[in-house]
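Source: prediction; values computed, not measured. Proteins come first, then strands; the chains are lettered A, B, ... in the order of their sequence lines, and each starts at number 1.
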Amino acid sequence: MNAEAGARSERWANAAAATAVFATDPLGCAGVSLRALYGPVRERWLALLGALLPATVRIHRIPLHVSDARLLGGLDLAATLSTGRPVAERGIFVSADGGIVVLAMAERMTSAFAARLAAVLDTGEVALERDGFARRYATRFGVIALDEGMTDDERPPAAVLDRLALHVDLNGIESSSLDDGAVLLGTTAYPARIAAARDRLGSVQIKPAIVAALCEAASSLGIASVRAPLLALRVARAAAAIAGRNHVADEDVQLAARLVFASRVTVLPAAQAPAEPDAAEREESSRDPPPSDPASRDSPRNEAESSNVDTLEDTVVAAAQAAIPQHLLAMLQSSARGKVRAQPSGRAGPRQLSPAHGRPAGIRKGSPGGGARLSVIETLRAAAPWQSARRAGAMRLGARAPRPPRIDVRKDDFRIFRLKRRTQTTIIFLVDASGSAAMHRLSEVKGAVELLLADCYVRRDRVALIAFRRKSAELLLPPTRSLVRAKRSLAALAAGGGTPLASALDAARELVHAVRHKSESPILVIMSDGSPNVARDGKGGRERAQADALSAARLVRLEACAVLLLDTAPQPLPLTARLADEMGARYIPLPQVRAAGLSELVRESASNDPHATRRAVHG
Amino acid sequence: MTFPFSAIVGQEETRLALMVAAVDEGVGGVLLFGDRGTGKSTAVRALGALLPPMRAVTNCRFGCNPRDRATHCEECRARRKKGALRSHLVPVPVVDLPLGATEDRVVGALDLERALAHGKKAFEGGLLARANRGFLYIDEVNLLEDHLVDLLLDVAASGENVVERDGLSVRHPARFVLIGSGNPEEGELRPQLLDRFGLSVEIRTPEDLPTRIEVVRRRDEFEREPTKFARKWRKEDELLRRQIEAARSRLANVRVPETALQRAAQLCLRLGTDGLRGELTLIRAARALTALDAADEVSDSQLRRIAPAALRHRLRRNPLDEAGSSARVARAVAELFDA
């Protein structure tokens, strides 16, 4: 119990240290990814940051579905109409210069948004090429990405995480353990100390050996991106400045390792792979919070450790390891070689296409309303050449008419966006990875899936992968267009255990539903040798398993989606054909199919899908 | 302030491909595809600062080359009729096509300001106009919206931008070297767009420690004192610029012997590349590389070094097997040249 409380206060101490570092050098750190649900702990952290930042720093909140016009800038309609000449509006990224940008629900950030943010962080400017304006605005700001993700794959896009130095995880910290922060907030001296640190920052020196140690540590922790050691370097500088030093000391480097490296670790160093399950246990719970003095934190941890820790690199690695978040540590330890799959990144892919809007595909004449959006810039362009003629016309009508507007826009001028909505096809592969399937050539199934994937690549379809074995089905790959990821998850698929066909069909149905919800058309490709032997509740028993599978199959039929059942058994069972029948699926015993013909079969099934409208142009 | 090209650590293939594209724009564009944080866009922006200036017609908004009459825009043709073209040296344009750009800014559109203020119908050139004779750079090229990709494909193939909108009918030269960068994790590139790139480079995070340390050290030095850092590397950059200039003037005289042609053909045959594009690009890139090497005749050395970049994205292949295409080219090269 005590150890747990200690771990919590240790984590809060790290989180508070991150606050201090970020407040000292928001631009150098680029930002913080703050993983926490909305609640008192997150509020406390933000309040702490607010207290440490200078009063002049402005905070800009960016909502999740911000438009490019607001984000980057564009035509300012009101100003344009009142002045009679095009006036540019500054986007949020531009007006945030010198301030802090808060991104709400960053775990749902689209990769399109992430790429825009990354470009601004990398170049320090907004390149505006919109609505007839070509401008460059220099802008630099610190980012706080509020990550409210619950599961491991709900995270901000990797492109953003890679650029933000500090990853803070507040989940699991209770508000009762926040005394440290409260004390901190109470002292008026601390903001002054941060202010002094900010002044000192430019003169903090760093020894080449430290740069080398950070790089070495990052390598041995399996951190591939070169940005990580670079960001750690800046965090170490900030830490030294807070401690009132003009040179980076070992303590600062260790703090940097905890704050920057811990969440990025993908490999536990071989020698220490079976690291203590609760690294934080080693810390006394009553330890001083780091922000009050980051320097004091890194006294040798205990005898055993200090004896085998001799080089700076080792202490850096040890520091990072001690701060690895619990869930990541568990993942690292559970995988045999201590290696974690790279965090999925393109998660935002499917969300990029908003079904309500579609993609702009040019402009046409027409009236706004009924879902059609007015293109202000094109409307003005249409109106512009007529201005003098219209003005002259208005004059002729006499002076009794009210003063004519600066820009006279008539109904004829209206231009609206043509939105093209391509029905995106998502192929869901439901792959049987049970023990029997392994016997019946799982590798062949993999080969078939790969061939289909190659076809998806050309057609720009999305693919998703659900595998089922043992007691349940697992979504290995949410819908994505990244074939690299598809291939990776397919290669990692191992077979074994029973055949929980009913749960698998339920899972597939759920995904079909989700895909439909996004106005995409799903195709379900099931590859199994039939013979279900695990019931819905995860219990064995052939009879119940079969009954459950049949009832699940009937539910699949209700989805009215194109289904293809490839029977991979060497001697197809009658039950499998019946399952296909219940689902309304096309049944194909694999022995009869050349792998190359598969792709056409899938296509054919799709065209029979009543819901699949291949392409539609709206507006 | 851009990071100096000569200060880039490692990334030999990236530097080689960009230098080759700078020597001979006919090689086609360069695609840099790979891991995060490897300085893809840094390398492209650095190249822009390195390029020797070019001669352009004074007051021409497309930067027409005074010596190349065939490519002149309509305005320059009109100017020519009035007398000799005046010209001056300008920096080679390296134009960013940022994500979120609207179509009107890419292709050009009615100049709203002049239309509203003076009732004049005038064409305001877009990014394609500005990129003429230079480089068009798209970071995160795989996230570019489809309708913009379509536009680009068309213009990149024809070298001319035809604008029919807002009651305007304008055409102007738009010859540019397309440079794209991206991360394959964000999605694949459309095959049609992939084909537009002459060279493609697969970028991996450097794994050996000394390189990584040097990357971090230089980057840190640059960020802290950019002016000082740039001064430190100015000489090296100047050498590279001269190397590019010398290679350009040498290019026309580089011979491609029969043996080199045969080698290239054999290599493409062995790899089963689609069509003749691979072979042509390979030869052309090898010629540019020979010029950079200050040699007179294309030899195995140049073919070997540039073959992976020229061919890896042209293999008739399982697109999933993209890690394998580099290896396949390397194997074929080894088999052919070491035999």
Side-chain angles (χ1 to χ4, degrees), chain A residues 68 71-72 84-86 111-112 115-116 118-119 122 127 129-134 158-159 162 208 211-212 214-216 218-219 224-230 233 345-346 349 359-362 377-378 380-382 384-385 387-388 407 420 450 453-454 457-458 460 481-487, chain B residues 35-39 41-42 45 96-106 109-113 115-121 124 126-127 130 139-140 143 145-147 165-167 183-188 190-191 205-207 209 212-213 215-217 219-220 223-224 318-322:
Chain A
D68 273 350
L71 195 60
L72 306 170
R85 55 185 191 77
S111 40
R116 285 157 176 74
D122 287 355
E129 295 287 350
R130 300 176 50 78
D131 301 348
F133 296 105
D162 187 42
V211 180
L214 277 171
C215 291
E216 276 174 56
S219 290
S225 172
V226 184
R227 278 202 189 99
L230 194 60
L233 210 58
S345 64
R359 291 185 165 245
I377 181 79
E378 298 303 337
L380 288 177
R381 280 213 176 90
Q387 292 307 302
S388 50
I407 301 174
K420 189 195 275 177
E450 282 206 6
L453 284 177
Y457 163 77
V458 176
R460 313 204 86 207
R481 207 183 271 164
S482 167
L483 294 165
V484 180
R485 290 181 53 204
K487 197 190 170 193
Chain B
D35 294 339
R36 262 180 212 100
T38 42
S41 50
T42 303
R45 300 208 161 92
D96 255 300
L97 198 172
L99 293 179
T102 52
E103 193 181 315
D104 62 328
R105 278 306 305 146
V106 177
L110 180 75
D111 185 336
L112 191 60
E113 173 119 43
L116 286 178
H118 313 291
K120 275 218 181 97
K121 228 183 212 186
E124 188 186 21
L127 296 174
R130 235 197 292 153
D139 192 11
E140 306 289 353
L143 294 179
E145 288 181 18
D146 276 356
H147 72 285
R165 51 178 288 157
D166 310 333
N183 183 310
E185 292 247 331
E186 309 282 357
E188 308 292 323
R190 265 163 75 181
T205 307
E207 282 185 1
L209 201 55
R212 288 175 65 101
I213 294 174
V215 169
V216 172
R217 201 171 276 159
R219 192 74 224 180
D220 186 53
E223 272 160 18
R224 288 179 72 75
N318 180 351
L320 296 163
D321 202 20
E322 118 287 8

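For B/E124, the part sitting under 4.5 Å from any heavy atom of chain A is the side chain, from C-beta outward, and nothing else. Contact of A/L233 with chain B is made through the side chain alone, with heavy-atom distances under 4.5 Å. With a 4.5 Å cut-off on non-hydrogen atoms, B/D220 touches chain A through its backbone and its side chain both. With a 4.5 angstrom heavy-atom cutoff, A/L380 touches chain B via backbone and side-chain atoms both. Heavy atoms of A/A127 lying under 4.5 Å from chain B belong to its backbone as well as its side chain. Contact of B/L209 with chain A is made through the side chain alone, with heavy-atom distances under 4.5 Å. Of the atoms belonging to A/A212, heavy atoms from both backbone and side chain fall under 4.5 Å from chain B. Contacts of B/L127 with chain A are made by side-chain atoms alone, with heavy-atom separations under 4.5 Å and no backbone atom involved.
The candidate with the highest count of non-hydrogen atom pairs below 4.5 Å against chain A, out of B/A101, B/G39, B/G126, B/S41, is B/A101. Interface check for chain B: of the options A/A118, A/S219, A/A228, the most heavy-atom pairs under 4.5 Å are formed by A/S219. Between chain B and the options A/C215, A/A119, A/G84, the largest number of non-hydrogen pairs under 4.5 Å is found for A/C215. Chain B forms the most heavy-atom pairs under 4.5 Å with one residue out of A/L71, A/L72, A/D162, and that residue is A/D162.
Remark: B/N183 pairs with no residue by the side chain to side chain donor-acceptor pair (under 3.5 Å) rule, at least two apart or across chains. In this view, B/D104 and A/I377, A/E378, A/R381, B/T102, B/A109, B/R165 satisfy the side chain to side chain contact (heavy atoms under 4.5 Å, CB included) rule, not counting sequence neighbours.
Side-chain contact between B/R219 and A/V226: absent, with no pair of heavy atoms (C-beta onward) separated by less than 4.5 Å. Taking the side chain as every heavy atom from C-beta outward, B/V216 and A/L214 never approach each other to under 4.5 Å.
Taking each heavy atom of A/R130 and B/R105 in turn, the nearest pair found is N-CG, 3.3 Å. Closest non-hydrogen pair, B/L143 versus A/A115, comes out as CD1-CB, 3.5 Å. Between B/R212 and A/S225, the closest heavy-atom pair is NH2-O, 3.8 Å.
Atom CG of A/D122 and atom CZ of B/R45 lie 7.5 Å apart (nearest 0.5 Å). Atom CG of residue B/L99 and atom OG of residue A/S111 lie 10.0 Å apart, to the nearest 0.5 angstrom.
Side chain of B/R217 to main chain of A/V211: no donor-acceptor pair is present (N/O by atom type, distance under 3.5 Å, no hydrogens or angles).
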